[in-house]
Amino acid sequence: MVYDGIVIGLIVGLIRGGFFGALRKLSQLKLVAGWIFPLLLVFQIVLFYFQERYAALQQYTGISIMLIYVIGLLFIGLNHKYPGFKTIFVGVFLNFLVMAVNGGIMPVSLEASAMLGQYYVDALQSSEVMYKHAALTESTRLPFLGDIIPIVSPYPREMVVSIGDIVMSVGAVVFLYKLMSEPGVETGGRVTA
């Protein structure tokens, strides 16, 4: 869902800021330690695609995910002056919290995930960990922070998300909208308005 927030923020920013003006402001963006974000994305993609092929990698998936979250929270904290970044921080922290108290796993509601198809429900019920997801059970801690919210039609993609995912997405939309369309938001790591 966070990627959806990024896409929505880009679209709204382009419309409100004028295509070329918005792209110019976006191209001048200078986040503190900006190289961290793409590196974390690449690491997550590698982890996702190779964890089932290598037992050692699968064994440390929970720890790896927690490390990604900690580094991500530090990165967001370094850039907290940008509009929307405090909201993004709260969303990431909520996801981090529920995963940290559940062994590095994001609990997923079986009822909510039923709309994704029987394969997904069966995989969750078999006690498998699907990348960083596992079935929400009676022993799950902070279950209300897990993936319990089904997103269905008319939204173009069906998915199950957490409160943290929604909060992060709102923060991403605010950040991109303000960066690309409002005067006073500088791109060198400082905010003047």
With sequence neighbours excluded, give me every ring pair (Phe, Tyr, Trp, His ring centres under 6.0 Å) pair touching residues 11-36.
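Of all non-adjacent pairs touching residues 11-36, none passes ring pair (Phe, Tyr, Trp, His ring centres under 6.0 Å).
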
Contact list for residues 156-182, test ring pair (Phe, Tyr, Trp, His ring centres under 6.0 Å), sequence neighbours left out:
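Sorted pair list: Tyr82-Phe175, Phe85-Phe175.
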
Answer yes or no: is there a side-chain heavy-atom contact under 4.5 Å between [X] and [Y]?
| X | Y | value |
| --- | --- | --- |
| Phe75 | Val32 | no |
| Arg157 | Ile151 | no |
| Ile166 | Ile149 | yes |
| Leu14 | Leu23 | yes |
| Met168 | Thr87 | no |
| Thr61 | Leu47 | yes |

List in chain and number order the residues that pass side chain to side chain donor-acceptor pair (under 3.5 Å) with [X], two or more places apart in sequence or in another chain; answer none if no residue qualifies.
| X | result |
| --- | --- |
| Tyr155 | Asp4 |
| Glu158 | none |
| Gln118 | Asp122 |

Please walk me through it: do Lys132 and Tyr69 pass side-chain contact (heavy atoms from CB on, under 4.5 Å)?
CA-CA 12 Å; Lys132 61 179 181 179; Tyr69 270 88; 3.6 Å; yes

Step by step, would you call Leu110 with Leu136 a side-chain contact (heavy atoms from CB on, under 4.5 Å)?
CA-CA 7 Å; Leu110 290 173; Leu136 191 149; over 6 Å; no

Smallest separation among heavy atoms of Met180 and Gly9, with atom names:
SD-O, 4.3 Å

What is the minimum heavy-atom distance between Gly5 and Val173, and which atoms define it?
O-CG2, 3.3 Å

To the closest 0.5 Å, what do you measure between CG (Asp147) and CD1 (Ile163)?
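Reported value, rounded in 0.5 Å steps: 10.5 Å.
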
Side-chain donor-acceptor pairs of residues 89-106 under 3.5 Å, sequence neighbours excluded:
| unit_1 | atom_1 | unit_2 | atom_2 | d |
| --- | --- | --- | --- | --- |
| Asn95 | OD1 | Ser162 | OG | 2.7 |
| Asn95 | ND2 | Asp165 | OD1 | 2.8 |
| Asn102 | OD1 | Arg141 | N | 3.0 |
| Asn102 | ND2 | Val98 | O | 2.7 |
| Asn102 | ND2 | Arg141 | O | 2.8 |

State whether the side chain of Lys86 and the backbone N or O of Gly171 hold a donor-acceptor pair below 3.5 Å, judged by distance alone.
no

